[in-house]
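Convention: sequence-line order gives letters A, B, ...; per-chain numbering from 1.
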Number of protein chains: 2
Amino acid sequence: MRTIHSGPVTLHQVAHAAGVSPATASRFMNGTARVSDAKRRSIEDAIERLNYKPNLVAQGLKMGSTRTIGVLTQSLVSGYFNDAMVGIEDAVKAAGYALLIMSGHWHAAEEAERVELLIGRRVDGVVILTGNMSDTQILDFSQRVPIVAFGRKLEGERVFGFFLDNYGAACEAMELLIEQGHRRIAFIRGSDDQEDAHARLAGYRDTLAKHRIEPDPDLIVAGDFQESGGLQAVNQLLTSGARFSAIFAANDLSAYGARLALYRRSIRVPEDVSIIGFDDLHSSMYTTPPLTTVRQPLYDVGSCIGTMMLGMIGHDEVKVALPALSLVVRESVRRLT
Amino acid sequence: MRTIHSGPVTLHQVAHAAGVSPATASRFMNGTARVSDAKRRSIEDAIERLNYKPNLVAQGLKMGSTRTIGVLTQSLVSGYFNDAMVGIEDAVKAAGYALLIMSGHWHAAEEAERVELLIGRRVDGVVILTGNMSDTQILDFSQRVPIVAFGRKLEGERVFGFFLDNYGAACEAMELLIEQGHRRIAFIRGSDDQEDAHARLAGYRDTLAKHRIEPDPDLIVAGDFQESGGLQAVNQLLTSGARFSAIFAANDLSAYGARLALYRRSIRVPEDVSIIGFDDLHSSMYTTPPLTTVRQPLYDVGSCIGTMMLGMIGHDEVKVALPALSLVVRESVRRLT
DNA sequence: TTGAAAGCGGTACCAG
DNA sequence: CTGGTACCGCTTTCAA
C-alpha cells in the first residue's frame, strides 16, 4: 500500500500508522514517559517506514523555544568575526542549537533592525558582536531576549557584555617595539567609531609617555581597519617626509596595507621598518614577512559567548574564564641597531 | 492601566485591545482584505501601544514557510564561501528571507546531517556550496526541499546545480604564463576530493600539451588548498632541486604559502619566480607583490544562487546569467627574459 | 466588512 | 501506561 502525501510526514501519521495516540508517539519521541514495549516497537517501526522527522517549527511554537541563537555580526566576510562565529557554533551545537546570522555593517540603525528581525523569529538568545548600537539600546532589547555582547561592558539579569583588554595588549605591543630600540613609532588608527580603536591608540600614547618618548602628532595617521586605509596611511606618512622606524597598525588588515605601501617604495620589512599588527588573522602567519601582532583568541571568545548564552537560556549561573590577548612574535619586527 | 505579561504580545491581545477579532487584526496586518477605517485605526493604535511584533514561528507553522533558506557551506571561516554568502543574503533579504548557515567541513556524512537538520527546521530551500556529497544524495534531498547547488552540474524539477568554468580559466592562467615566456611551470595541486582541483590541474596539463611543452611530473606537487600545503609544496620542489620559473597554485591560499616558502629561501617574486593563483581572495590585492590570479566572482555567484532559489520557491522560471571567471593581472608574474 | 472556528504539527495535562 | 484534548500564535475558509 502506498499513499501519496504532499508534505513531510507528521507525528499524527506516525501515531496512526503505529496504532497509538499522538500523545504516546510524542512521549516516545522525547522519552517523556515510559511506553510499553509493544507500542514502542510499532512506533519505531512506523517512524522508520515513514521516515518521520519532527517538525522543529511546530515544536518551537509549542515549546516556546526555537533552539536557535541569533548572531548579529558586522560583516559576513570578516575573518575576525567569523572565527568567533565558529567558536559560538561549536559551543552550542551539541545542545541542538543553530545560529541565525545577520550582519549590521557597523550601522546602528541597521543593527537594531536586524536584532528586531532576530527577535521576530523568536531566537532564544542573541549575541551581538561589537557594533555601533548604544548600550541603552542593547539593554532595552535584553528585556525581550537574553543577550550576550562582545566588545562592551554590560551587566544585568538577562544581559552580559565583555571586552578584551585591548589597551593592555596595545601597551605590550608598544613595549616590544620600544624594547627593540624603536623610538619613532608611527600609529595607524582604526575606525573612529570603534571602541577598540581608541583603546589601542591610548595604549600607544600611554606607553610612549611611560618611556618619556616625545609623541609626534605627525606619526599618528588615520586608518579605517581596512587594507586600503593602511596603504593610504603609510603613503601619507611617506610623502609627508616623517621619519619612523616602526609602524603599529591598529589591526592586521591595516598592517597588510601598510606593508604593501612600503613594498611599493622598496622599503624593506623588517630591515628598514618594523611593523606590528593587531588581531592575528589567520593569514598573518603567511604574509611576507610573517606578521608580529597581538593575538585575539576569537575562537575562544566565541566558545565563551556560546556557553554563556546557553547558561542564560537555561537560567544557570555559568562562570567562564575570559580568554586573554597575547603577543605573537613573528618576523616583521627587528631590533633597531 | 498596566498589565503584566510574560511573553511577547500576541495578535489576540492586539485584537482584544482594539475590540476586534483576531481575524480582522490578521487581515489588517497582511492587507489580506479591506478593513473599515474605524477598526483599522484602533488596530493600528493597539499595535503601537502594545508594540506588537508578529511571531514568525507561528506564521511559519501556519503558512508552511519559514522564509528561511538553509545554506550548507564547508567552512565559516573561508573568505571564498563567505563572499558567496553575502551575495546570497543580499539577493534574498529583500524578500524577507534569512539565512540559516551550517557547515559540513568537506565531510559527506556531516554535510548530509546538516542538510537533514536544515530540513528539520523547515527551511524553504537549501543551497549547497560544493562539498563532498554525491549527486545522488543531493537529488534525494531535492525530493524534500528545493535545492540549488554550486560546484556541480545538476538539473531537475526542484534542483539546479552549476559550476564555473575552472578548466577554461586554468587554461587562461597557463596561457598567460607561457606567453610570458615560462616553460618550466610548477603546479601546486588542490585537495584531491574536490572537483575544482581536478579541473584546474587538467587546465594546467592540457595547456602545456597544447604548446608542446614536455610535462615534468616532478613539477606537479601535492597541496591541500591551504597555505600550509602551498608552503610545503614549494619546500618539496626546492629540496628536490627541480627547476622552474613559475608556479601555478591551485588556489590563492596555496599561493600565499608558496610565496612564503620562496621568501624563506630569499627567492624573489616575481624577479626569480612568478606566481599565479586562483580565486582572487580579497587579500590577494594586498600581498607582496599583489597576486596575479583568476578571479572567481563569488559575490555574483551568490546573487545568482539567491535569485534562483527565490525562483524555485516561488515556482517561477528564472533565467540568470552565470558569472564568468576572469584573469586579474597584478604583479606576481613577470616576463621571462 | 466581520467573527467564529478549524487547524498547521507538536506537547502535556488530565483522566482513566 | 495510554488516550483525549486543549493550546502555542497565526491565517483562512465559511457564514453572516
Side-chain angles (χ1 to χ4, degrees), chain A residues 5-44 46-47 50-68 96 119-124 144-145, chain B residues 5-44 46-47 50-68 96 119-124 144-145:
Chain A
H5 271 304
S6 35
V9 7
T10 72
L11 187 60
H12 281 73
Q13 295 171 15
V14 171
H16 182 82
V20 303
S21 76
T24 305
S26 170
R27 284 190 273 257
F28 167 78
M29 286 295 304
N30 314 292
T32 309
R34 290 197 58 80
V35 177
S36 73
D37 263 22
K39 304 216 182 237
R40 181 211 332 223
R41 246 187 305 278
S42 65
I43 296 174
E44 273 171 338
I47 288 175
L50 273 43
N51 189 28
Y52 168 70
K53 312 278 178 185
N55 180 334
L56 281 267
V57 177
Q59 281 186 173
L61 177 60
K62 179 63 189 177
M63 311 299 286
S65 155
T66 51
R67 306 231 127 211
T68 303
I119 296 179
R121 283 167 176 274
R122 294 300 185 269
V123 296
D124 295 347
R144 307 204 262 146
V145 66
Chain B
H5 271 303
S6 37
V9 6
T10 71
L11 187 59
H12 281 74
Q13 295 171 18
V14 171
H16 182 79
V20 303
S21 77
T24 306
S26 169
R27 286 190 270 254
F28 167 76
M29 285 296 304
N30 313 295
T32 309
R34 289 196 59 77
V35 176
S36 72
D37 262 20
K39 304 217 182 236
R40 184 221 321 236
R41 246 188 304 278
S42 66
I43 296 174
E44 273 172 337
I47 288 175
L50 272 44
N51 188 28
Y52 169 70
K53 312 280 177 184
N55 182 333
L56 281 267
V57 177
Q59 281 186 174
L61 177 57
K62 179 62 192 181
M63 311 298 286
S65 155
T66 51
R67 306 229 127 211
T68 303
I119 295 178
R121 285 169 174 272
R122 295 298 185 270
V123 296
D124 294 346
R144 307 205 264 146
V145 67

**Item:** Audit row: A:Thr32, A:Ser26, side-chain contact (heavy atoms from CB on, under 4.5 Å) steps and yes/no
**Value:** CA-CA 8 Å; A:Thr32 309; A:Ser26 170; 5.6 Å; no
**Message:** side-chain contact (heavy atoms from CB on, under 4.5 Å) for A:Lys53 and B:Ile119? Distances and angles first, verdict last.
**Reply:** CA-CA 9 Å; A:Lys53 312 278 178 185; B:Ile119 295 178; over 6 Å; no
**Prompt:** Could you go step by step and tell me if B:Phe28 and B:Val20 meet the side-chain contact (heavy atoms from CB on, under 4.5 Å) rule?
**Reply:** CA-CA 11 Å; B:Phe28 167 76; B:Val20 303; over 6 Å; no
**Message:** side-chain contact (heavy atoms from CB on, under 4.5 Å), that's the test. Do A:Asn55 and B:Leu61 meet it? Break it down for me.
**Reply:** CA-CA 9 Å; A:Asn55 180 334; B:Leu61 177 57; 4.3 Å; yes
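Taking atom CG of B:Leu11 as the reference point, atom C1' of C:dG7 lies 16 Å away to the nearest angstrom.
Bounding nucleotides for the chain A contact on DNA chain D, 5' to 3', at a heavy-atom distance below 4.0 Å, are D:dC1 to D:dG9.
Regarding contacts with the backbone of C:dG3, a side-chain N or O of B:Ser21 is found under 4.0 angstrom from either OP1 or OP2.
Projected onto DNA chain C by closest heavy-atom contact, A:Thr24 and B:Pro22 fall at different nucleotides, the more 5' of which corresponds to B:Pro22.
Taking a 4.0 Å limit (strictly below) on heavy-atom distances, residues 52-65 of chain A reaches DNA chain D at A:Leu61, A:Lys62. A heavy atom closer than 4.0 Å to some atom of DNA chain C occurs in A:Ser26, A:Arg27, A:Asn30, these being the qualifying members of residues 26-34 of chain A.
Minimum interatomic distance between B:Val57 and A:Arg122 (heavy atoms only, all atoms of both residues): CG2-CB, 3.7 Å.
Looking only at side-chain heavy atoms (C-beta outward), A:Met29 and A:Leu11 come within less than 4.5 Å of each other. Counting heavy atoms from C-beta on, the side chains of A:Val9 and A:Asn51 never come closer than 4.5 Å.
Distance check, rounded to the nearest 0.5 Å: OG of A:Ser21 to NE2 of A:His12 gives 9.0 Å. Interatomic distance, A:Glu44 CD to A:Lys39 NZ, rounded to the nearest 0.5 Å: 14.5 Å.
Under the 3.5 Å distance criterion, the side-chain polar atoms of B:Arg40 are left unmatched by any main-chain donor or acceptor of B:Arg34.
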